[in-house]
Amino acid sequence: MTPFAPGQRWTYRTRPGEDTSTALILKREELPGGPVLHVQLDGLRLHNPLTPSGLQTELGHLPLTEAAAQACLTELIDAHAAIPTDQSGYQQWRSAFDAGEAGVFTLPLAEIVGVLEGAISANAEAMKTHSDTAGLFEKRNLK
């Protein structure tokens with residue numbers, strides 16, 4: 001398999017109905033647990049009642065282990081795709097990661113999208129009353 005690098009656009013094993021979705025590698029970094037890829041997903045059909053259309057077509061930032069990426073990325077379709085200049089998703093994640101409040105996904109991308117869709121749907125009403133989505137993704141220490 002080709003080594004992963006920023007600017008690569010890959011096809012991946014998608015959910016049904018998202019066959020044209022692709023993953024763009026934004027960044028690759030070595031962390032204590034091993035290599036992590038930061039990707040953007042395009043071409044999604046993620047049901048999100050908080051969007052005007054009810055569908056979300058993009059996820060701007062997902063951190064996942066390189067092993068998870070190897071298990072689901074299938075074909076390199078562009079080695080030199082433009083990387084968006086807005087890196088706020090990464091910066092927000094990095095701040096939370098450094099504070100011990102965020103991690104990386106170990107699931108294949110299609111499963112991550114499904115989990116996020118379920119979380120959004122389950123919390124949509126509560127999220128409509130807040131100005132942000134922090135409650136959906138906040139870290140909770142359950143005992």
Side-chain angles (χ1 to χ4, degrees), residues 1 4-79 81-143:
M1 180 175 261
F4 296 119
Q8 292 176 340
R9 184 171 299 278
W10 290 80
T11 60
Y12 66 98
R13 290 180 189 88
T14 63
R15 301 184 313 163
E18 293 177 330
D19 302 338
T20 60
S21 180
T22 60
L24 172 63
I25 298 176
L26 305 171
K27 183 179 191 72
R28 182 186 185 276
E29 66 183 327
E30 291 288 334
L31 294 177
V36 172
L37 298 181
H38 300 273
V39 301
Q40 173 180 301
L41 298 182
D42 299 297
L44 296 173
R45 296 191 50 78
L46 187 149
H47 296 279
N48 183 345
L50 302 174
T51 63
S53 69
L55 285 177
Q56 184 171 330
T57 60
E58 177 185 288
L59 283 171
H61 175 257
L62 288 173
L64 74 153
T65 63
E66 189 169 87
Q70 287 172 338
C72 67
L73 297 179
T74 55
E75 181 183 354
L76 178 63
I77 56 175
D78 187 351
I83 296 174
T85 56
D86 179 5
Q87 295 294 310
S88 60
Y90 169 79
Q91 292 163 351
Q92 184 178 10
W93 171 85
R94 187 63 204 216
S95 293
F97 180 81
D98 290 343
E101 298 174 352
V104 298
F105 289 102
T106 59
L107 300 171
L109 289 169
E111 288 184 48
I112 295 169
V113 173
V115 167
L116 292 176
E117 184 175 67
I120 290 168
S121 293
N123 292 284
E125 284 306 313
M127 290 167 51
K128 286 179 184 178
T129 62
H130 295 85
S131 62
D132 62 29
T133 58
L136 175 60
F137 298 107
E138 72 186 33
K139 180 179 178 183
R140 298 175 189 208
N141 292 322
L142 303 175
K143 294 183 179 184

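When a residue number appears, it is its place in the shown sequence, counting from 1.
The heavy-atom pair separating L107 from L64 by the smallest distance is O-CD1, 4.3 Å. Across every non-hydrogen atom of T20 and G43, the tightest pair is OG1-O, 4.5 Å. When all heavy atoms of A82 and L24 are compared, the pair lying nearest together is O-CD2, 3.6 Å. Closest approach of F97 to G103, counting heavy atoms only: CD1-CA, 4.3 Å.
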Discussion item. Quick one, F4 with L73, criterion side-chain contact (heavy atoms from CB on, under 4.5 Å). Give me CA distance, side-chain angles, the key distance, then yes/no.
Written reply: CA-CA 10 Å; F4 296 119; L73 297 179; 3.3 Å; yes
Practice prompt. Check the pair L55, N48 against side-chain contact (heavy atoms from CB on, under 4.5 Å), reporting the backbone distance first and the verdict last.
Written response: CA-CA 5 Å; L55 285 177; N48 183 345; over 6 Å; no
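Looking at Q91 and W93, their side chains never bring a donor and an acceptor atom within 3.5 Å of each other.
For R15 and E111, the salt-bridge test fails: no basic side-chain N is under 4.0 Å from an acidic carboxylate O.
In this structure T65 satisfies the side chain to side chain contact (heavy atoms under 4.5 Å, CB included) test together with A67, A68, V104, T106, sequence neighbours excluded. For S95, the side chain to side chain contact (heavy atoms under 4.5 Å, CB included) test picks out no residue, with sequence neighbours left out.
Side chain of Q87 to backbone of P84: a donor-acceptor contact under 3.5 angstrom is found. Remark: the backbone N or O of G89 is not paired with any side-chain donor or acceptor of Q92 at under 3.5 angstrom. Looking only at distances, no side-chain donor or acceptor of T14 sits under 3.5 Å from a matching main-chain atom of S21.
Atom OG1 of T22 and atom OH of Y12 lie 7.5 Å apart (nearest 0.5 Å). Here I77 contributes atom CD1 and R9 contributes atom CZ; the two are 6.5 Å apart, rounded to the nearest 0.5 Å.
Residue R94 places its CZ atom among more than 12 non-hydrogen atoms of other residues, nucleotides or ligands, all under 6.0 Å distant.
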For residues 32-41, which side-chain donor-acceptor pairs fall under 3.5 Å, sequence neighbours excluded?
from, atom 1, to, atom 2, distance (Å)
H38, ND1, H61, NE2, 2.8
H38, NE2, E29, OE2, 2.7
Q40, NE2, D42, OD1, 3.1
Q40, NE2, D42, OD2, 3.3

